[in-house]
Amino acid sequence: MAKRILVIPDVHGRLFWKEPVKKYMDIVDRVVFLGDYLDPYRGEEGLADDIFENMMEIIELKRNNKEKVVLLKGNHDQHYASERFEELAGGTRMDQGNWNKYHQAFTEYKDLFQIAHMEIINGKPYVFSHAGLTLYWLKKVNENVWKLFDNKISVADPEIIERINLLDDDGIGQNMLSVIGSYRSWFGDDGTRRPSLGNAEGMADA
């Protein structure tokens with residue numbers, strides 16, 4: 001039987017994730033949250049009474065199901081988790097009044113979150129991230145951080161996924177995470193289209 005994965009998109013303080021998790025938790029192999037747990041949109045319906053407690057419920061779900069539940073971080077998480085990211089990349093709709101509380105939570109539960117996650121399904125690798133990865137960005141990371149041979153830069157390599165998740169552990173890595181948005185641009189400096197990893201290597205990046 002094929003592996004079954006429940007993917008939960010950006011939460012942004014909403015409660016919609018609860019029903020599918022309750023319905024499918026016991027019959028799926030993995031539950032992948034794509035990040036952005038805080039910073040709701042103005043006038044959004046279906047919001048929790050307490051945005052922070054809603055995120056803490058998701059964290060508790062992960063703590064009780066460490067192998068089954070995957071928590072990815074998005075930009076609306078990273079600008080609370082990393083002071084470096086907040087300094088370099090800023091943050092849209094950032095809740096300055098609660099920054100310290102949110103930062104403390106992401107610091108305390110740092111080990112429960114990832115930047116990227118890979119699943120092997122029917123022999124093929126599928127990569128999940130908050131908003132996609134590009135080969136261009138990965139090569140920039142390699143130039144500045146990893147110093148590997150270029151032929152090693154493939155999202156299909158579990159070692160690369162592990163290395164991406166370790167970028168949060170040092171200043172240079174956090175610098176590269178802070179520029180991922182600009183390096184995700186559809187076109188390069190010379191006007192040519194930059195291939196995403198999904199287009200270039202047949203991956204599914206969410």
Side-chain angles (χ1 to χ4, degrees), residues 3 5 7-11 30-37 62 69-92 106-107 109-206:
K3 189 178 290 186
I5 301 174
V7 179
I8 306 293
D10 300 22
V11 174
R30 202 86 64 221
V31 178
V32 179
F33 285 80
L34 297 182
D36 280 3
Y37 307 96
K62 167 69 175 178
V69 175
V70 174
L71 302 185
L72 300 182
K73 283 195 292 186
N75 55 303
H76 287 268
D77 312 308
Q78 193 67 6
H79 63 209
Y80 297 115
S82 164
E83 293 180 74
R84 189 68 175 149
F85 186 94
E86 192 262 340
E87 175 189 349
L88 294 176
T92 304
F106 278 112
T107 300
Y109 298 108
K110 181 179 185 293
D111 292 343
L112 299 182
F113 291 90
Q114 300 169 223
I115 303 297
H117 174 72
M118 186 171 75
E119 292 278 351
I120 303 299
I121 303 174
N122 294 332
K124 295 181 180 180
Y126 288 81
V127 174
F128 298 86
S129 67
H130 173 66
L133 304 168
T134 63
L135 189 57
Y136 183 84
W137 175 73
L138 277 182
K139 287 186 174 181
K140 286 295 183 181
V141 174
N142 189 47
E143 289 175 16
N144 288 276
V145 184
W146 302 328
K147 314 295 185 182
L148 302 172
F149 290 113
D150 249 9
N151 62 3
K152 283 288 292 179
I153 307 305
S154 167
V155 77
D157 186 341
E159 180 187 338
I160 294 297
I161 298 299
E162 183 177 352
R163 285 176 178 272
I164 290 172
N165 285 320
L166 291 174
L167 288 175
D168 237 358
D169 290 344
D170 62 67
I172 298 176
Q174 289 191 353
N175 287 353
M176 296 311 300
L177 289 172
S178 73
V179 298
I180 189 171
S182 58
Y183 284 145
R184 195 183 287 123
S185 175
W186 205 242
F187 293 93
D189 295 335
D190 59 358
T192 59
R193 183 171 173 177
R194 292 177 188 154
S196 71
L197 287 172
N199 293 333
E201 300 192 54
M203 300 299 100
D205 53 3

Under 4.0 Å between a side-chain nitrogen and a carboxylate oxygen: does that hold for K110 and D169? yes
V32 vs I5 side-chain heavy atoms within contact, under 4.5 Å: yes
Any heavy-atom pair between the side chains of F33 and V7 that's under 4.5 Å? no
With heavy-atom distances below 4.5 Å as the criterion, would you say the side chains of E119 and F128 are in contact? yes
Note: K3 and I120 closest approach over all heavy atoms is NZ-O, 3.3 Å
I need the minimum non-hydrogen distance between I115 and L177, along with the two atoms involved. CG2-CD2, 4.2 Å
Check L88 against S178 and note the closest heavy-atom contact, atom names and distance. CD1-OG, 3.4 Å
Assess whether a salt bridge exists between K73 and D168, defined as any Lys/Arg side-chain N lying under 4.0 Å from an Asp/Glu carboxylate O. yes
Is there a side-chain contact between I153 and W146 (heavy atoms, below 4.5 Å)? yes
Verify side chain to side chain contact (heavy atoms under 4.5 Å, CB included) between L71 and Q114, making sure each step is shown before the conclusion. CA-CA 6 Å; L71 302 185; Q114 300 169 223; over 6 Å; no
Would you call K139 and E143 a salt bridge, taking side-chain N to carboxylate O under 4.0 Å as the test? no
Walk me through whether I180 and L133 qualify under side chain to side chain contact (heavy atoms under 4.5 Å, CB included). CA-CA 8 Å; I180 189 171; L133 304 168; 4.1 Å; yes
Decide side chain to side chain contact (heavy atoms under 4.5 Å, CB included) for N75 and F85; before the verdict, give the C-alpha distance in whole Å, the side-chain angles of both, and the deciding distance to 0.1 Å. CA-CA 9 Å; N75 55 303; F85 186 94; 4.2 Å; yes
Sidechain-backbone polar pair: N165 side chain, A116 backbone, donor-acceptor under 3.5 Å: yes
Distance-only, no hydrogens or angles: does the D157 side chain make a donor-acceptor pair with backbone N or O of S154 under 3.5 Å? no
If I compare all heavy atoms of H130 with all of L72, which pair ends up nearest, and what's the gap? N-CD1, 4.4 Å
Student check: side-chain heavy atoms of I164 and L138 closer than 4.5 Å: yes
Counting distance only, does the side-chain N/O of W137 pair as donor-acceptor with the main-chain N or O of V179 below 3.5 Å? no
Grab the two heavy atoms, one from N175 and one from R84, that are nearest each other, plus how far apart they are. OD1-NE, 2.7 Å
Return the minimal non-hydrogen interatomic distance between Q174 and S82, and the atom names on each side. OE1-OG, 2.9 Å
Do side-chain atoms of D10 reach the backbone of D36 as a donor and acceptor pair under 3.5 angstrom? no
Non-hydrogen side-chain atoms of Y37 and F113 separated by less than 4.5 Å: yes
Do the side chains of M176 and V145 get nearer than 4.5 Å, heavy atoms only? yes
With a 4.5 Å heavy-atom cut-off, do I160 and V155 have their side chains touching? no
Working to the nearest 0.5 Å, report the span between CZ of F106 and NE2 of H79. 8.0 Å
Tell me whether E162 at atom CD has more than 12 heavy atoms from other residues, nucleotides or ligands lying less than 6.0 Å away. no
